[in-house]
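Worksheet: one structure, shown below.
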Protein chains: 2
Amino acid sequence: MTKVVSRPTLRDVAHHAGVSVISASRVMRDAPNISDGLRARVRAAANALGYTPNRIAGSLRGQASDLVAVIVPSMSNSVFADILDGIDEGFKGTPLRTVLGLSRYDMDEEEAILRELLSWNPAGVIISGLEHSAAATAILQRLECPVIEVMDSDGDPIDTSVGFSMVKAGQVMADHFLAQGYRRIGYVGAWGELPVRSRKRRLAFEARLAENGVELVDRQIEEDQSSFAAGAAGLQALLARSPEIEAVFFANDDLALGALFHCLSVGIAVPERLALAGFNGLDMRDGITPRLTTIRSPRNEIGARAGRIMLDRVRGRPSAERGRIDLSVSLLQGATT
Amino acid sequence: MTKVVSRPTLRDVAHHAGVSVISASRVMRDAPNISDGLRARVRAAANALGYTPNRIAGSLRGQASDLVAVIVPSMSNSVFADILDGIDEGFKGTPLRTVLGLSRYDMDEEEAILRELLSWNPAGVIISGLEHSAAATAILQRLECPVIEVMDSDGDPIDTSVGFSMVKAGQVMADHFLAQGYRRIGYVGAWGELPVRSRKRRLAFEARLAENGVELVDRQIEEDQSSFAAGAAGLQALLARSPEIEAVFFANDDLALGALFHCLSVGIAVPERLALAGFNGLDMRDGITPRLTTIRSPRNEIGARAGRIMLDRVRGRPSAERGRIDLSVSLLQGATT
DNA sequence: AGCATTGATGGTAACGTTGTCAATTCTGAA
DNA sequence: TTCAGAATTGACAACGTTACCATCAATGCT
């Protein structure tokens, strides 16, 4: 019966320190009412043995683990990467950890991964968007742990949402276009507007224009995912159909920048002949002349705020925010409008 | 003693189906030797109750969980985002899940997060780079679970590594520059070459040039993180000091593209007056004319391969690869060299 | 002095699952 | 018909931790 050299447990630590298991446990998690001597002895034993707590065991005893299920469509989309960075920042120095689930822009996949992750008894769920499959919504509603929906803030959250308003974003850009005096306006999207968010933005953009008596001249939604190339292609298709357009709003910065490069290379004067505006406020803009006009989406803040709220909720702090949390979007005026 | 309505357990399912707990367990995990009747009854009961297995409990019983600790510097860097996407792809349809740890380009932080994540009894560890703190290396070496180091393949892995050779990458570009006839060559990096990988690449680049009798004219390492702006600034600084330079290798595509935009806007002819090349092969390149010459780093493949190997190892498949796995890098010839 | 309160420590059971072994039933060959 | 072996099902213990309660000593108050 040669015992395999495996990780030391609390029992080992307690034995080594000559105390009871429960006392060792108390020291390790800084419970109150511990004498300095006991604390010192247990600490020493833990160090000597290289003890690492087994959180799996701890989580089983408690009702929930310190794992937070984070479900987003994809990591390659820098929007979600930024959100994840923000969340992790919020978790820094806490026992909370992110367990990742990627939905690949598919509601069924999202539902499946949600079920999967719930089997880890997460302390909370952070999920992107307000739209989910009926079953997923039902599951989320029944959940006892905090559920934070990130990105959108148009609509009612299941529990709490942290995001910004796609409607406002669309309106802000419409107002800007109108203020600049543009009247023959177009729109370019991509990927069949798959993340529904972009459609919300466009509809609000169109509606605000219409309110002011300006009808969107034309729109072009590319099949492919957003990219510089798609932006250039979209713009070309749009202008081929509707050459009178004088200003274009793009679903995101990638598309807009691709279109900008196209304009620069074929000699379309920006913004004199054609004004361009994007959405997101990627750092990328900074090195490009003329600097792109866009709307800053508070991606990092969303993540950090969601992480912090999750922490507060898990800790049971009464100060923890709830409901819809609407971060503001702001126009970043560049030189392309 | 009103029982809180909480998640049903196997006991509930078993009771509902009129069978023993262990039988229910066997049905749920598709163990052999189960009668169709039993299977059907348990399945029905599980559905009726909405049973979700508690993997925390399952993991405690077994020796390791199905969680895989993935430690990378940052999500905002698209290189790691792509790797994570790849890993998750490899885990699709398996019980393996990613628990995320971000080291923020800091070895001490990496060590700390490693310790943190180990307390979840992970089935394996995927960590970026071959360089870790001494303590972290020691921990990783002692680990019983698979350890896969991703990105680099210059050097010896602790257990298994999946990546590409920074040295080869540097050499490939040096050979390309030489083949194109460039002799007055410069280099631009950023962020004090913080991810050590870029320095490895540069040194190999310089060494290969030197082997062929060409001394690097000058190099400029920006303080800031890589960005278009840093690339433009770096190029300007470089040319201010060494205007005779005719070709520049950049630490990555972001820098190179920023420099390219700068050249386009100030009228430096590319590649006639100045040749530019980047590194990574980001999709971004596709929409920009002239298309950037670069080296494709197999980011997604690294992730997918690492994920698959992790799965094979966890499953105990003898086919599971080990040791150093070197993915190839290839030159993507564009129009900037 | 008597008694409640607090501080410090320990014992026991439980969290939900699964590995191990035992018990029972069934199958097919002798 | 009988019996070995397979198929099927179950009982029990254990994984490492912590909640709960118990114990005992020290302290403070009337």
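Side-chain atoms are counted along with the backbone in the values below, which use heavy atoms only and exclude waters and symmetry mates.
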The helix from dA1(C)-dT30(D) to dA30(C)-dT1(D): angle between its terminal axes, five pairs each, to 10°? 40°
Quick one: list whatever passes salt bridge (charged side-chain N to carboxylate O under 4.0 Å, His left out) with D106(A), sequence neighbours left out. none
Do the side chain of S74(A) and the main chain of S76(A) share a donor and acceptor less than 3.5 angstrom apart? yes
Residue pair S23(A)/L10(B) against DNA chain C: nearer the 5' end by closest nucleotide is S23(A)
Which part of the nucleic acid, if any, lies within reach of N33(B) when heavy atoms closer than 4.0 Å are counted: base, sugar-phosphate only, or nothing? base
Member of V27(B), V19(B), V13(B), D36(B) meeting the side chain to side chain contact (heavy atoms under 4.5 Å, CB included) criterion with R41(B): V19(B)
Tell me whether the side-chain N or O atoms of R26(A) pair up with the base of dG10(C) as donor and acceptor below 3.5 Å, since no angle test is needed here. yes
Nearest-nucleotide comparison on DNA chain D, the residue closer to the 5′ end among A57(B) and R41(B): R41(B)
Could you check how far CH2 of W120(A) sits from C1' of dC15(C), rounded to whole Å? 16 Å
Answer with base, sugar-phosphate or nothing: what part of the nucleic acid does L38(A) contact at a heavy-atom distance below 4.0 Å? sugar-phosphate
Quickly, which of T94(A), I148(A), T160(A) forms a side chain to side chain contact (heavy atoms under 4.5 Å, CB included) with M310(A)? Name it, please. I148(A)
Test your reading of the model: is there a side-chain donor-acceptor pair from R97(B) to the backbone of L117(A), 3.5 Å cut-off? no
Give the first and the last nucleotide of DNA chain D, reading 5' to 3', that has any atom under 4.0 Å from a heavy atom of chain B. dT8(D) to dG16(D)
note: N54(B), atom CG; dA14(C), atom P; distance rounded to Å ~ 18 Å
N54(B) side-chain N/O to I56(B) backbone N/O, donor-acceptor pair under 3.5 Å: yes
Any side-chain N or O of R29(B) under 4.0 Å from OP1/OP2 of dG19(C)? yes
Got a donor-acceptor contact below 3.5 angstrom from the R324(A) side chain to the S153(A) backbone? yes
Under a 3.5 Å threshold, yes or no: a donor from one side chain and an acceptor from the other, between R299(A) and S297(A)? yes
Think S35(A) has a side-chain N or O under 4.0 angstrom from the OP1 or OP2 of dT9(C)? yes
Show the numbers, then the answer: is there a salt bridge (charged side-chain N to carboxylate O under 4.0 Å, His left out) between R7(B) and D12(B)? CA-CA 9 Å; R7(B) 270 174 53 183; D12(B) 300 325; over 6 Å; no
